[in-house]
Structures are given as C-alpha cells and as structure tokens.
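To start, the structure under review is shown below, and the notes come after it.
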Amino acid sequence: MIDKDLQIAVSEALKSLYNIEVAAESVALQKTKKEFVGDYTIVVFPFVKQARKSPEAVANELGAAVKASMPQVADFNVIKGFLNFLICDDYWKSFTDSIANDSTIGLKKVDTNAAPVVIEYSSPNTNKPLHLGHIRNNLLGWSVAQLLTANGRNVKKVNLVNDRGIHICKSMLAWLRYGNGETPESSGMKGDHLVGKYYVEFDKHYKEEIRELIDKGMEEEQAKKEAPLMVEAQKMLKRWEEGDKEIRDLWEKMNGWVYAGFDETYKKMGVGFDKIYYESNTYLLGKELVQKGLDMGVLFRKEDGSVWCDLTDAGLDQKLLLRKDGTSVYMTQDLGTALLRHNDFGADQLIYVVGNEQDYHFQVLKIILGRLGFDWADKVYHLSYGMVELPNGKMKSREGTVVDADDLIEEMEKTAEEMCRERGKNDEMTAEEQKELYHILALGALKYFILKVDPTKTMLFNPAESIDFNGNTGPFIQYTYARIRSIVRKAVGEKGLDLTAKCDNVAMNEKEREVIKMLHDMPAVVEQAAASYSPAMIANFTFDLAKAFNSFYQDTPILRETDSNRMLFLVQLCAAVSNSIKNMMWILGIEVPERM
RNA sequence: GGCCCCGUAGCUCAGCUGGAUAGAGCAACUGCCUUCUAAGCAGUAGGUCCUGCGUUCGAAUCGCAGCAGGGUCACCA
C-alpha cells in the first residue's frame, strides 16, 4: 500500500538527509485535508530542530527526496510546515483494477483453527421483555462479533441467560396468585411480555403490603423483608433450589414462554449465538474456586463464615464471595463461568458486552481471577457500553419508562412502510417482497441509529421523534446501495458490459479519485475499528463513503458515457463501492436491498 | 464522601496515538427532477470545543484544579 511505502520513504529520507532516526511505522502520515492540494501529508515540525533548518526548507528537501525515490509520487507542495504529496492517477487506477471484482473487499479470511475469541452479549433476565437498552447490547454484541470476524478472528458468540433467582420466583408467585391460568395462547400475548406483566404485578402488590405494614408502625427496612409476598417468594426460591417438582415444572413452563418470546425478538433483530448458557446450570460453579482461593490464602473467611477477597491493597474494597450460609453471589458465579468458558473454548480472549454500570464488577473479576493464578485473567475484556437515556433520564422498568423492543421494531416497520408508499417506487413488488423491504429498512434505520454512536458513550433516544430515514442514517446508505445496484444491473443487462474485462487507462476526476481513496483507506478503518471494538467507526466511514459516492453519482452520467472503456471503469468503480457498502453493513448487521 | 465515565452548533453526534481555517446529520432558509432511483445533490446561516491554569513550535485532543451531569461503592444480579 502506498501509505506504508511513503512512511518508509520518509523515514529513509530523514536518515540520509539529516541523520534522524524515525521508524517507518511511527512516521505520522495523514490524509491531506480537502482544502489543500495533495493526497497524503507529513507534518515536518517534529524534525526541524534536529535538522537545524526552517520548516519550509525541511519540507522541500524531504519532498524532493521522496519524490525521487517513489515513481508513484507525482508531485509535492509545501505550505508552512506541511508537506503534501500528490499520488499519480496510475496508482489509483491499478488499485481500482485490483478491487473491481472483489466481493469480499474489506473482509479478511477467518482462520477457523485459531484459538477463538468468545464474546458474551445479550444475557437477558427471563422475567422481563427486552427494551431499548437490551437492543443496544444485542446490536453491539452482534456487530463487534462481525467486526472481529471481518478481521480474521475466530469468533464464538455466547449468551448467558439469567433464568433463576428471586426475581423469577416473583413472577411465578404473582402468576399463581393473580394469573387465573393465563397463558400466551389464552391471552394472545407474547410469552416474555406475559411473564413481564406478572413481574410488574408482583411489585404492585408487594408495595401495597409494605405500605400496610408501615401504616401499622413497622420500619420500612423490616417491612420490605417481612411482607408476606416477599417471604413467600423466598420460600419458593428455597423450594426451587431443593428441586421441588411442582416449582420446577412451573418454572420450566414460564421460562419456556419467555424463550419463545425472546427467540422471536432475536430473530427480528437478526442476532444469534453459537452457545447458550443457563445460569440455572452454572450458578453453583465458582464455589470450588473459592475453596482454592482459601487454600492459596488469597481469600479469607470472616467469623460468621462468609468468605471475602481483600482488595484494599488495590485501592478497592473487600468483596464478598460466599454468604455466611455458604451460598454464592454474582461474583462467585462469574468466576466459575469465566473458567468454564475458557475451558469450553480454549479461548484466546473473553469479551463481555455489559453496560458500564458494571465497570466495578469486572474490574474486581479480573483482579480476583489473576490472584487465583489464572494467567488468562488479562484476556478478559469488559466491553463497557453506555446507557440509552430518554429525554427525562434513565429508563426504569418499574416506572414504566421503558421503550419496549418489540414495540419499537413494529413502529419502525410501520414508518418504513409509510415512507415507501409515499414514494411509490415499489408498487410492482409482491406484497411479500414489500414486507421484506420494510423490515430491512426499519432494522437498517434502527441499527444504524444505535451503532453510529461510540459504544462507550451514553446516548439519547427521544420517543417523541421517530428515527430518521434521511441524512446520516441506515436507509440513506441502503438507498445509495440500491441505486448503485440499479446501475450495475443495467450496465450488464442492457449494455452488455463485462465487469471482469480489463480496463485501460482513463482520465479520472476529483470526485472519482475521492471515492477510490476512501476504498483504499477501508482496510485501515476496519482494523482500527476492531482494535477499539467500535462499530461506530464502521458506520461513520460507510456514511462518508456513501456521501462521496452520491456526490460523484450526481454529476457523472455513467450509463450515458460514450467512451466504452471509461464506462467500464466507472461501472467497475460502482461495483467496488457497492461491494464495500454491503460488506461494511454486514459488519453492522444491516442488510442492503437490491431496490427500494 | 471514595472510585469511574462524561461536557463540541438550537437538537443528535463525528473529530484515531497532539497538527493547517473544528466537521456531519436533523431543524431553518436558497437553488436542482423531459437525463442512471430527489430516501439524492449543491449552497446559506449557525461555535467562548464547560471554565481557568499548565505542558509545547502547536491543544477540542495531554496534565492539574474547578463547575455541571451520570454511574458505582448490597450477604441483588
């Protein structure tokens, strides 16, 4: 690649001209800004002191030396301390030739024998339906998995379903008390929503009980513990843990409803997993590790029998690992599942897509794994993402201020349908094709909206404004793709163009060159995005590419080009852009339509 | 209170390891469809990059202090 060659040439020139040692890869090469002439820029300020010359002189000498050693450098210019290189069109042309028919452009081949990177995401509770926060988790998890795959990593996606615990018992208890045998079939409700309804129901009655107890003069703290519903739920959890058949049957029945509901939503979102873990199978793991930790002396037991890890020397608190009754907590389980996962896959890396509210948890997890002697502790990576906030703050299930995942998707599909009908471009499609298109556009808009934001940042969603379909959006990119495909179809079908033919040299204009340069840049963007686990970088790059293409499209008639060789060049460029868009959107988990 | 994250246009967001006159989209206003899909293109307007100090040839970017917002410090997960 030309950028690497330039770095080497600059490094060598610095050495021979001024005896300055700079490793080629640390030569700061940047793309020349739009308002200046050139393709790549070197800032020479860092070298002027050692060179003992003015910035202009250094830039001119450096430019001349590099130009002399590299035939691809057509020219250079100097503005203040900035040295701009101009690359000759032959280079861009031959680069275009090399990608014209590459359908996997931007994607590296996966080595399936390599030790895998295991990425956990989604990890839902089975007592409430998915909301917008979960959507961000799922889309991020899926997309980061795709992104790493695009970089040749062998990726395994896993889900750890939180299917047991006191919260599940609350839903079960409420269903027994107030449900009258209601089922998804009898109510017509999606299973996860039905169970979620009873979780809310529990909370409602529980609060009533607390209030009554407080009215009778009990302290709030005590009331929360002694409210009959809570006591009952605790009993149920105990019976569950003892394997009581009646409870287990009910639990299986209600979880079954939830899974059916989740599967539907996962399918709509287009996400999936290689392996699903259930906490009911893994919650006892980790206890052995605690024993090992005690033997090693990295954990200690308090007088009441509870087991702790002292992290005060790391600037943190003491962390509980076993309750005084010997039962395990979240951290204990996570230690166990980490080891299980490491052993199951022989993983090279363990990624957890979990909200930043759990930053502390994962910090502690890594430290304890390390102290337990696992050298792979530093391969645990917490992909910590920000919350989705509403205009009036955080989403809270209990206050009913959540944006339900299924509702949102349905709403998006309706909007997509309206948009399409307004334009009337797809009237000749079958009803089935139209429905498919609405879904692709709806999910494209939603996914892009979520993924274009830096994962680490909190983002805002305003339910009052619908998600856009114009501008910096998924449908904008999908539209660009559809238009390109239309051109390529016509070129091949009506004009009989052979896309695989060899194209002779052509004159290219600035807009074409701009698009080619972006494609040239794409591999570096994909690498950078993977290194920072950021689908947002892919999203923003793809938007810029689509914009650059549209600008080119606007003032270059392609199918009416009279020079057949130039038309071949233009259509090959179109094909390369469409393949690029398709592959970048694949990383984001977004489908692209052939027409819209 | 301890620790962590964050503050860029009216709104939503870019701005990679410091580099040229801080960029998009939405909203507002102008133009452009007898020509490859106008979900588009071209343009106008909009900024104390939270504040202050420091580091340096150079700071939205790095450091310190302050202000504002959020998260977290459970024998919950």
Side-chain angles (χ1 to χ4, degrees), chain A residues 26 28 30 32-36 41 43-46 48-49 55 79-82 84 123 125 162 164-167 279 283 302 304 306-308 315-317 320-325 327-331 333-334 355-361 363 384 386-387 389 393-394 419-420 422-423 425 441 445 449 452-454 456-462 465 468-480 482-491 494 524-525 528-529 531-532 534 536-537 539-540 543-544 546-547 550-561 570-571 574 595-596:
Chain A
S26 46
Q30 47 195 276
T32 304
K33 289 195 146 198
K34 269 256 169 62
E35 51 269 43
F36 300 96
T41 297
V43 184
V44 300
F45 289 117
V48 296
K49 201 175 251 174
I79 299 170
K80 292 193 280 183
F82 296 87
N84 303 315
S123 309
N125 283 352
N162 179 218
R164 51 139 251 127
I166 188 71
H167 43 287
E279 212 184 279
Y283 79 106
K302 285 193 179 173
D304 63 3
S306 57
V307 178
W308 298 73
L316 306 171
D317 299 326
L320 177 86
L321 289 179
L322 283 184
R323 298 188 184 100
K324 63 188 172 197
D325 62 4
T327 56
S328 54
V329 293
Y330 182 39
M331 182 62 74
Q333 298 171 33
D334 253 14
N356 62 12
E357 59 206 349
Q358 292 194 34
D359 284 354
Y360 183 74
H361 173 79
Q363 196 187 349
S384 163
M387 321 242 119
E389 284 185 354
K394 207 181 157 181
M419 297 290 214
C420 287
E422 268 172 31
R423 291 170 176 80
K425 291 180 185 175
L441 296 180
F449 176 80
K452 77 171 175 186
V453 180
D454 182 335
T456 64
K457 292 193 174 168
T458 58
M459 62 175 293
L460 190 121
F461 175 79
N462 189 348
E465 307 166 2
D468 240 308
F469 281 62
N470 298 321
N472 187 356
T473 68
F476 169 91
I477 297 167
Q478 290 170 318
Y479 177 68
T480 304
R483 284 210 302 196
I484 301 175
R485 291 297 301 151
S486 172
I487 287 180
V488 175
R489 271 195 308 272
K490 285 176 180 164
E494 294 169 18
V525 172
Q528 180 76 40
S532 41
S534 174
M537 288 188 187
N540 286 310
F543 172 64
D544 288 338
K547 219 163 28 132
N550 283 337
S551 182
F552 149 71
Y553 172 96
Q554 192 70 21
D555 52 34
T556 309
I558 295 165
L559 295 175
R560 283 178 291 120
E561 172 60 56
L570 293 174
V571 177
C574 285
R595 0 180 155 245
M596 66 185 270

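Every chain is numbered from 1, with letters handed out A, B, ... down the list of sequences.
Among the heavy atoms of the strands lying under 4.0 Å from Val453(A) are primed sugar atoms or P, OP1, OP2 only; no base atom is included. Contact annotation for Leu322(A): no contact, since no heavy-atom pair falls under 4.0 Å across all strands. At a threshold of 4.0 angstrom between heavy atoms, the contacts of Leu460(A) are confined to the sugar-phosphate backbone, with no base atom among them. Backbone-only engagement by Met459(A) is indicated by non-hydrogen atom pairs under 4.0 Å involving sugar-phosphate atoms exclusively. At a threshold of 4.0 angstrom between heavy atoms, the contacts of Ser306(A) include nucleobase atoms, whether or not backbone atoms are also involved. Residue-level contact check: Gln478(A) touches neither bases nor backbone, having no heavy atom under 4.0 Å from any strand.
Checking rC76(B), rC26(B), rC41(B) against the side-chain heavy atoms of Arg323(A) singles out rC76(B) as nearest. Across rC16(B), rG23(B), rA42(B), the shortest atom-to-atom separation from the side chain of Glu35(A) is found for rG23(B). Taking only side-chain atoms of Ser486(A), from C-beta outward, the nucleotide of rU37(B), rA42(B), rA77(B) with the closest atom is rU37(B). Nearest nucleotide to the Thr41(A) side chain, out of rU37(B), rA20(B), rU12(B): rA20(B). Closest to the side chain of Phe543(A), out of rG23(B), rG25(B), rC13(B), is rG25(B). Relative to the side chain of Lys394(A), the nucleotides rG40(B), rG71(B), rA77(B) differ in distance, and rG71(B) lies closest. Comparing rA14(B), rG40(B), rC16(B) by their nearest atom to the side chain of Asn540(A) picks out rA14(B).
In this structure, CG of Leu321(A) is placed 13 Å from P of rC76(B), rounded to the nearest angstrom. Rounding to whole angstrom units, CZ of residue Arg560(A) and P of rU37(B) are separated by 11 Å. Nucleotide rC13(B) holds its P atom 11 Å from the CG atom of Asp454(A), rounded to whole Å. The separation between Asn162(A) atom CG and rA77(B) atom P is 9 Å, rounded to whole Å. The distance from atom OH of Tyr479(A) to atom P of rG40(B) is 7 Å, rounded to the nearest whole Å. Between Glu494(A) atom CD and rC36(B) atom P the separation is 11 Å, expressed in whole Å. To the nearest angstrom, C1' of rA74(B) lies 13 Å from NE2 of His361(A). The interatomic distance linking Asn462(A) (CG) with rC13(B) (P) rounds to 11 Å, in whole Å.
Applying the 3.5 Å distance criterion, the base of rC75(B) shares a donor-acceptor pair with the side chain of Asp304(A). Residue Asn84(A) places a side-chain atom within donor-acceptor reach of the base of rA20(B), judged by atom type and a 3.5 Å distance cut-off alone. In this model, no side-chain donor or acceptor of Thr480(A) finds a partner on the base of rA39(B) within 3.5 Å.
For rA42(B), one of the phosphate oxygens OP1 or OP2 lies less than 4.0 angstrom from a side-chain nitrogen or oxygen of Ser551(A). Between rC75(B) and Lys302(A), no contact under 4.0 Å exists linking OP1 or OP2 to a side-chain N or O. Between Tyr360(A) and rU72(B), a side-chain N or O to OP1/OP2 separation shorter than 4.0 Å is absent. Contact annotation: Lys547(A) side-chain N/O to rG25(B) OP1/OP2 distance is not under 4.0 Å. The side chain of Lys33(A) contributes an N or O atom lying less than 4.0 Å from OP1 or OP2 of rA20(B). A sub-4.0 Å separation between OP1 or OP2 of rA39(B) and a side-chain N or O of Arg423(A) is present. Taking side-chain N and O atoms only, Thr458(A) has no distance below 4.0 Å to OP1 or OP2 of rC6(B). The side chain of Lys49(A) places an N or O atom within less than 4.0 Å of a non-bridging phosphate oxygen (OP1 or OP2) of rC57(B). Arg485(A) has no side-chain polar atom (N or O) that falls below the 4.0 Å cut-off from OP1 or OP2 of rU37(B). The side chain of Asn472(A) contributes no N or O atom lying less than 4.0 Å from OP1 or OP2 of rA14(B).
By the stacking rule of 5.5 Å between ring centres and under 30° between planes, Phe45(A) does not stack on the base of rG58(B). Remark: ring of Phe469(A) not stacked against base of rA39(B); the cut-offs of centroid gap under 5.5 Å and plane tilt under 30° are not jointly satisfied. Here Phe82(A) lies parallel enough and close enough to stack on the base of rA20(B), with planes under 30° and ring centres under 5.5 Å apart.
Distance check on atom C1': rU21(B) versus rC62(B) gives 23 Å, rounded to whole Å. Nucleotides rG70(B) and rU12(B), compared at atom P, are 15 Å apart to the nearest Å. Distance noted for atom C1' between rC33(B) and rG25(B): 23 Å (whole Å). Rounded to the nearest Å, the gap between the C1' atom of rG46(B) and that of rA27(B) is 11 Å. Taking atom P on both nucleotides, rC53(B) is separated from rC11(B) by 26 Å, rounded to a whole Å. For the C1' atom pair drawn from rA24(B) and rA9(B), the interatomic distance equals 11 Å after rounding to whole Å. Going from the P atom of rU51(B) to that of rU61(B) covers 10 Å, rounded to whole Å. Atom name P, nucleotides rC67(B) and rG58(B): the rounded distance is 30 Å, in whole Å.
Between Lys452(A) and Leu559(A), the residue anchored closer to the 5' end of RNA chain B is Lys452(A), taking for each the nucleotide with the nearest heavy atom. Residues Ile166(A) and Asp544(A) each lie close to RNA chain B; by heavy-atom proximity, the contact nearer the 5' end of the strand is made by Asp544(A).
To the nearest 0.5 Å, atom CG of residue Asn550(A) and atom NZ of residue Lys547(A) are 10.0 Å apart. Here Phe552(A) contributes atom CZ and Leu570(A) contributes atom CG; the two are 5.0 Å apart, rounded to the nearest 0.5 Å.
More than 12 heavy-atom neighbours from other residues, nucleotides or ligands sit within 6.0 angstrom of NZ on Lys302(A).
Closest approach of Ile484(A) and Cys574(A) over heavy atoms only: CG2-O, 3.2 Å. Between Tyr330(A) and Gln358(A), the shortest heavy-atom distance links the atoms OH-OE1, 2.6 Å. Nearest heavy atom pair, residue Met596(A) against residue Leu441(A), reads CE-CD2, 3.8 Å.
When Val44(A), Thr32(A), Thr41(A) are each tested for a side-chain contact (heavy atoms from CB on, under 4.5 Å) with Phe82(A), only one passes: Thr41(A).
A salt bridge is defined here as a Lys NZ or Arg NE, NH1 or NH2 lying under 4.0 Å from an Asp or Glu carboxylate O, and Arg164(A) with Glu279(A) meets this definition.
Looking only at distances, a side-chain donor or acceptor of Arg323(A) sits under 3.5 Å from a matching main-chain atom of Ser328(A).
The glycosidic torsion of rC33(B) lies within 90° of 0, which places this base in the syn conformation.
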